[in-house]
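Below: the structure, in structure tokens.
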Protein chains: 2
Amino acid sequence: MTARNGRPARTGAVGAEAARERTPGAGGVPGAASGTAHDDTVAGVVRQWRAVHPDLDTAPMEIIGRINRCAALFQQAEDAPLRRAGLSRPEFDLLGALRRTGRELTPSELARETFSSGAAVTKRLKQLTERGLVERRGDPRDRRVAHVRLTDAGRALVDGVLPEQLAYERAALSGLDGEGQGELAALLGELLGRLEGRPGALRI
Amino acid sequence: MTARNGRPARTGAVGAEAARERTPGAGGVPGAASGTAHDDTVAGVVRQWRAVHPDLDTAPMEIIGRINRCAALFQQAEDAPLRRAGLSRPEFDLLGALRRTGRELTPSELARETFSSGAAVTKRLKQLTERGLVERRGDPRDRRVAHVRLTDAGRALVDGVLPEQLAYERAALSGLDGEGQGELAALLGELLGRLEGRPGALRI
DNA sequence: CGGATATGCTTTACCAGTAAAACACCTGTT
DNA sequence: AACAGGTGTTTTACTGGTAAAGCATATCCG
């Protein structure tokens, strides 16, 4: 990750990951009917930090660590259906941007839509073009710019993969009931809205 | 990201990113005193997908897209204090694992703790050793294994950076009030607990 | 004991991303 | 018209990750 784009590259929390050995069925109270049946790894990491630095307020880790860890697990899961379609996630992001906007996009627009660097978009476009999933067209007015669009094959690929992706995501979220999902979406939306609303807010 | 570790590499949601041009102060209802004052990019992306695929249930994107996007923004922010200390996030993760466990760890334990591949740990250890932040010691019983520990300098570095990290995180979360933060942490904890509790749940 | 197999770690070959420079083209100014 | 400077895209050099192969060592079992 650079200053230029906003992509998560690591799972880190605040260095906050513990992959405690899962010994399924051993050691835990067999979960009650409802409630917090399982313990997550982040809780363990935070506990460790608190033991070593009892004076520090570790509350932010409980959120940021979990967000990072969730993102990691989701992405791992989502990779599967994509790989089957022969796509990496960045490639799918690019195709998806074209599909959902429903129009041609220039490389720089694609970079903005996918939060990637221009150079990365260039590379991906090269491959996707070779595979016949996108096409490029020059701009007659301004010969610097290119216009990229999905081919029929590219469009079909996206439309084929998308429902699968969503099914995976739904399955991944099924640990939360409908109400919990709604609350979570709302809270994240509020947080994200404020983060994005003040572009400088994070750079301090 | 591979099957081997669980690190988020992209921001993707379901290819769900829109970097709508921020035209601050234009177009939006000037936010009411409280509530969802800002709109986030994920909402826009989901709207685009719904317009193109009205039949698809896009609800999962609202959560997963936001989790990914938040992770991206947080990590971007957290990179700053680390870079000042001359560390990358994976390096800090490794040092942090040693610090918070408070004991020597083997390379494979470090790989598990930081969700990285063994090869990546080897590389990082090489650099951190050269910089004098960690030390290695062979195991007399089993000469295959190494034991890694923080040097005084490494420990001091972690302890110096950690409060800064936490301050950044606290600032980043300040868009949410205390209650919201608590709820968010709880919801994420529940989701994450279930995701991690059933190792196969995500692979389907 | 001694070979087969497993384990811990490192090496190798490679790939995708980045930052910065390079390139090509446009636009405003004089 | 000519040039300075800006913008859109690609290229270059490099970095850090991965998968898979490669050692060295331990362990199992006849």
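When reading the values below, keep in mind they use all heavy atoms of this one structure, side chains included, and skip hydrogens, waters and symmetry mates. Every chain is numbered from 1 and lettered A, B, ... according to where its sequence line falls, protein lines coming before strand lines.
Atom-to-atom, CD of B/E113 to P of C/dG8 comes out at 15 Å; the value is rounded to the nearest Å. As a whole-Å value, the separation of A/D79 CG from D/dA19 P is 11 Å. Remark: C1' of D/dA26 and CG of B/D142 are 6 Å apart, rounded to the nearest angstrom. Here C/dT11 presents its P atom at 7 Å from NZ of B/K126, a figure rounded to the nearest Å. Atom CG of A/L125 and atom C1' of D/dT9 are 10 Å apart (whole Å).
When each of D/dT18, D/dT25, C/dC25 is scored by its nearest atom to the side-chain atoms of B/A119, the top-ranked nucleotide is D/dT18. The listed nucleotides are C/dT10, C/dC26, C/dA16; the one nearest the side chain of B/P107 is C/dT10. Out of C/dA20, C/dA13, D/dA19, the shortest distance to the side chain of B/K123 is found at C/dA13. Comparing atom distances between the B/R143 side chain and each of C/dC9, D/dT25, D/dT18 picks out D/dT25 as nearest. Looking at the side chain of B/A120, the nearest of the listed nucleotides C/dT11, D/dG17, D/dA26 is D/dG17.
A donor-acceptor contact under 3.5 Å is formed by the side chain of B/R144 with the base of C/dT7.
Contact between the side-chain N/O atoms of B/T106 and the OP1/OP2 oxygens of C/dC9 is found at a separation under 4.0 Å. Phosphate contact (OP1/OP2 of C/dT18, side-chain N/O of A/S117, threshold under 4.0 Å): present. For A/S108, a side-chain nitrogen or oxygen approaches OP1 or OP2 of D/dT9 to under 4.0 Å. Taking side-chain N and O atoms only, A/R124 has a distance below 4.0 Å to OP1 or OP2 of C/dG17.
Listed by residue number, B/R136 are the residues of residues 127-139 of chain B with a heavy-atom contact under 4.0 Å to DNA chain C.
Contact record, B/E196 with A/L73: CG-CD1, 3.8 Å, taken as the closest heavy-atom pair.
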